[in-house]
Protein chains: 2
Amino acid sequence: MNKAEILIIDDEPQIQKLLQINLESNDYKVVQARTAKEGILMAANHPPDLIILDIGLPDKSGHEVLSELRHWYAKPVIILSVLDNEKDIVSALDTGATDYLTKPFRTGELLARIRAAIRRSQTAVNASVVTANELEIDLVARIVKRNNEIVKLTATEYNLLALFAKNESKVLTHQYILKEVWGYGYQTETQYLRVFVGSLRKKIEENPNNPQHLITESGVGYRFQ
Amino acid sequence: MNKAEILIIDDEPQIQKLLQINLESNDYKVVQARTAKEGILMAANHPPDLIILDIGLPDKSGHEVLSELRHWYAKPVIILSVLDNEKDIVSALDTGATDYLTKPFRTGELLARIRAAIRRSQTAVNASVVTANELEIDLVARIVKRNNEIVKLTATEYNLLALFAKNESKVLTHQYILKEVWGYGYQTETQYLRVFVGSLRKKIEENPNNPQHLITESGVGYRFQ
DNA sequence: CTTATTTTTTATAAAATCTTTATAGAATCT
DNA sequence: AGATTCTATAAAGATTTTATAAAAAATAAG
């Protein structure tokens, strides 16, 4: 397989250097931009396999860059931010960020998230069957199996799980989930979500009190892995 | 049912070993070949239920092997490749590959795809007789037997059951069923469906109150198994 | 033309699912 | 540490969906 190409949009030289060294030693091809304008231009000229985007850029906020990118760029965008600000995170994810990390971050974690994001973007398109350990979700047949046995799910439970499966290991915000599963206008009914995540966990988790698949991201949403 | 037999054509010993262990522990019988020539010979002498074919073989490209196989071998062929190359994928699928996976692959996913492929090849279009335990549905002769006795069905009942049989273990939505059996414009007549599913159950189920074949998927549709 | 069969409608009881409320516990913030 | 917000869970109530019988209408058969 060819080296995956990663574009880093960040104005801090230390971060740039750190990322470059780590990514290159992990066999990624690295391309760098220091401003929003430069980054967008580079992404447009030669679309990379993944973009790492800093929120605090000199010329334009990362949010704006993201929303601009998302008009035509479908591959993963991972957000970096010095702020551990919930509103910021939620807004970024809602705009279409694949993942987010707060500085300072652990390099190992970043690499893992990059791997996960790239893997997903490669298999997502044509994979009709999503598997996660003992779980198997067939998005065409609309059937969920656990240890090869069919799990009986209600329509809403299935829709919810399918949404998670399509966005494996990506944090989905409450708002986004509610909009996708219940429809526009239900975005404030967070309690629905809690109830249904609860019943899903009872059906798909080994131990629902210590979920391994449906992970709570407090204040933000949920993540499926 | 007998163990399904899988032929692996791959020259990398690690992959061979990995596949062998995983497949055998999932109750498949595994046969192995290390070259294209050997693989074709083995497939011809004793046709397996599925072939896993590596694209990068020492003596001949997997594409050639595939096209040669397809002259007489109709069962699933899953391609493995180190290249995540769209042109390659398209070309393989066009030559008749059932599925395509890039190395490194997740074992769970491969197993799921194998299951899906085998299931499809057993029931899909090419099968004119679908059997489910004591039931036998001959789609060419339009005859349904239960414990070897002919079941008398009306035209609509038969059309409905045939649709289910062609889509075994797949959830079909009300809308879809209505469109297929009654035609475009009947998609809201869900009650028809209930009535006919009811009468079908009386004819094909051991105990119509606890159906084993025609399963209700509340809020969505029905599933035949 | 009459009768039998099949399909469509209507009505209603039962089952399943979804929504809402209440409350206790966990996580996060100040 | 204490206050506040967020999360999990159970359970009651409301709503939707499903199953079934049976009548009415349409179609086919004799």
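Note on naming: letters A, B, ... go to the chains in the order of the sequence lines (proteins, then strands), and numbering restarts at 1 for each one.
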So, does the side chain of B:Glu189 form a donor-acceptor pair with the base of C:dT7 at under 3.5 Å?
->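 No pair found.
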Taking for each residue the nucleotide of DNA chain C with the nearest heavy atom, is it B:Thr156 or B:Gln191 whose nucleotide lies nearer the 5' end?
->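 By nearest-heavy-atom nucleotide position, the 5'-most residue is B:Thr156.
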Report the residue from A:Leu18, A:Ile114, A:Thr107 that forms a side chain to side chain contact (heavy atoms under 4.5 Å, CB included) with A:Leu23.
->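 One option only clears the test, and that one is A:Ile114.
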Closest nucleotide among [options] to the [X] side chain:
{"X": "A:His174", "options": "D:dT18, D:dT7, C:dT19", "result": "D:dT7"}
{"X": "A:Tyr192", "options": "C:dT19, D:dT18, C:dT8", "result": "C:dT19"}
{"X": "B:Thr154", "options": "D:dT18, C:dT19, C:dT6", "result": "C:dT6"}
{"X": "A:Arg194", "options": "C:dT7, C:dT19, D:dT9", "result": "D:dT9"}
{"X": "A:Lys152", "options": "C:dT17, C:dT21, D:dT7", "result": "C:dT17"}
{"X": "B:Ser218", "options": "D:dA8, D:dT7, C:dA16", "result": "C:dA16"}

Which part of the nucleic acid, if any, lies within reach of B:Glu157 when heavy atoms closer than 4.0 Å are counted: base, sugar-phosphate only, or nothing?
->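 If one applies the 4.0 Å heavy-atom cut-off, B:Glu157 turns out to touch nothing in the nucleic acid.
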With a 4.0 Å cut-off on heavy atoms, is B:Val195 in touch with a base, just the backbone sugar-phosphate, or nothing at all?
->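 Answer is base: heavy atoms of B:Val195 come under 4.0 Å of a base.
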Nearest heavy-atom pair of A:Ala44 and A:Pro47: which atoms, and what distance?
->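 That would be O-CD, 4.0 Å.
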Can you name the closest pair of heavy atoms from B:Lys203 and B:Lys152 and give their distance?
->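 Looking at all heavy atoms of both residues, the closest pair is NZ-O, 3.0 Å.
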With under 30° as parallel and over 60° as perpendicular, where do the rings of A:Trp182 and A:Tyr192 fit, or are they tilted in between?
->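 Correct class here is tilted.
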Does a side-chain N or O from [X] land closer than 4.0 Å to OP1 or OP2 of [N], or not?
{"X": "B:Trp182", "N": "C:dT8", "answer": "yes"}
{"X": "B:Thr216", "N": "D:dT18", "answer": "no"}
{"X": "B:Asn209", "N": "C:dA14", "answer": "no"}

